[in-house]
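Taking it in order: structure first as structure tokens, then the write-up.
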Amino acid sequence: MIRVLLVDDQTLIRAGFRALLDAEEDIEVVGDAGDGRQGVALAGRHVPDVALVDVQMPVMDGIEATRQIAADPRLAGVRVVILTNYGLDEYVFAALRAGASGFLLKDTEPAELIQAVHVAARGDALLSPAITRRLISEYVSRPPDSVPVEALGALTNREREVVALVARGLTNDEIAAQMVISPFTAKTHVSRAMTKLGARDRAQLVVFAYESGLVVPRDTPR
């Protein structure tokens, strides 16, 4: 059973998402909140697998709520998915850097919402190759802060290669095919890189790859 927390200041959005998700046999909505502060409190109380969090809310916005959830060791297994009306707006990259696993448009189709919850619960990033390219071109090419290049020293050459491919939106199977290794080996490299870099999930690897200069925007095909 996938446990989901809804955090959005629009009552109708929460009600609609709850109705869709509760109708699924393997998904349970364990709580909902109308602002970020209440959302953080409920996350601590229920420890959901996935938290769907709106960006713009009163009291505490979604970015700060994401940051607090990601910083709490008790909530290490909680995957935060940012809800947005505008796609790649100015908040998305900040949310990913704060610890979000990806983002989802509020007007997404019901089947896509359900699929997104499953993807996030597995620990995968909600960043398709097309979205990754747009993210790079619009935000990652000029991040407000930088990550010390020395952090790359923790990775082996193979791990660096894998992180670069993750940053381009490749799945483990696609990474395995490109590197001529098994999917299990690809997954192992990804997991080790995440551990060494303290990354919560693949989305964090994407952020690290571009902030550290391991991959630059021109490396990514349009």
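What you see below is based on every heavy atom in this structure, not just the backbone, and it leaves out hydrogens, waters and symmetry mates.
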Mind listing the side-chain donor-acceptor pairs of residues 31-43 below 3.5 Å, one per line with the distance, residues two or more places apart or on another chain?
residue	atom	partner	partner atom	Å
D32	OD1	R14	NE	3.0
D32	OD2	R18	NH2	2.8
D35	OD1	R37	N	3.0
D35	OD1	Q38	N	2.8
Q38	OE1	G34	N	3.3

Applying side-chain hydrogen bond (donor to acceptor under 3.5 Å, both in side chains), can you list everything that pairs with E28, at least two apart in sequence or on another chain?
none
For Q10, the side-chain contact (heavy atoms from CB on, under 4.5 Å) test, sequence neighbours excluded, returns D8, I13, N85, K106
Quick check: does any side chain N or O of T108 sit under 3.5 Å from a backbone N or O of L104, one acting as donor and the other as acceptor?
no
Counting distance only, does the side-chain N/O of E64 pair as donor-acceptor with the main-chain N or O of D61 below 3.5 Å?
no
Test L52 against V7 for side chain to side chain contact (heavy atoms under 4.5 Å, CB included), laying out the working first.
CA-CA 6 Å; L52 301 178; V7 187; over 6 Å; no
Shortest non-hydrogen contact from V162 to A186?
CG1-O, 4.4 Å
Given side chain to side chain contact (heavy atoms under 4.5 Å, CB included), test L75 with Q68 step by step and report yes or no.
CA-CA 9 Å; L75 305 179; Q68 291 193 18; over 6 Å; no
Residues passing the salt bridge (Lys or Arg N to Asp or Glu O under 4.0 Å) test with R122, sequence neighbours excluded, are D124
Using the rule given for side chain to side chain contact (heavy atoms under 4.5 Å, CB included), can you reason through Q178 versus L165, listing the C-alpha separation, both sets of side-chain angles and the distance that settles it, and then say yes or no?
CA-CA 9 Å; Q178 182 152 331; L165 294 175; 3.4 Å; yes
Mind listing the closest non-hydrogen atom pair of A98 and A70 along with its distance?
O-CB, 3.5 Å
What one should report as the nearest heavy-atom pair of P110 and L20 is CB-CD2, 3.8 Å
On a heavy-atom basis, the closest approach of L205 and M194 is CD1-CG, 3.6 Å
Are the side chains of K196 and T156 in touch, meaning some heavy atoms are under 4.5 Å apart?
yes
Mind checking whether V30 and L113 sit in one hydrophobic cluster, side chains of I, L, V, M, F, W, Y counted as touching below 4.5 Å?
no
To check you understand the geometry: which heavy-atom pair defines the closest contact between V4 and I27, and what is its length?
CG2-CG2, 3.8 Å
Verify whether one side chain among S182 and T185 offers a donor that lies under 3.5 Å from an acceptor in the other.
yes
Sequence neighbours left out, what passes side-chain hydrogen bond (donor to acceptor under 3.5 Å, both in side chains) with D173? Give chain and number order.
none
Residues V166, I175; criterion side chain to side chain contact (heavy atoms under 4.5 Å, CB included); working and verdict:
CA-CA 8 Å; V166 169; I175 291 171; 3.7 Å; yes
Do L197 and L155 come within less than 4.5 Å of each other through their side chains, counting heavy atoms only?
yes
Would you say the side chain of L83 lies within less than 4.5 Å of the side chain of V55, judging by non-hydrogen atoms?
no
Using salt bridge (Lys or Arg N to Asp or Glu O under 4.0 Å) as the criterion, list what pairs up with R160, not counting sequence neighbours.
none
E159 with R192: basic N within carboxylate O range, under 4.0 Å:
no
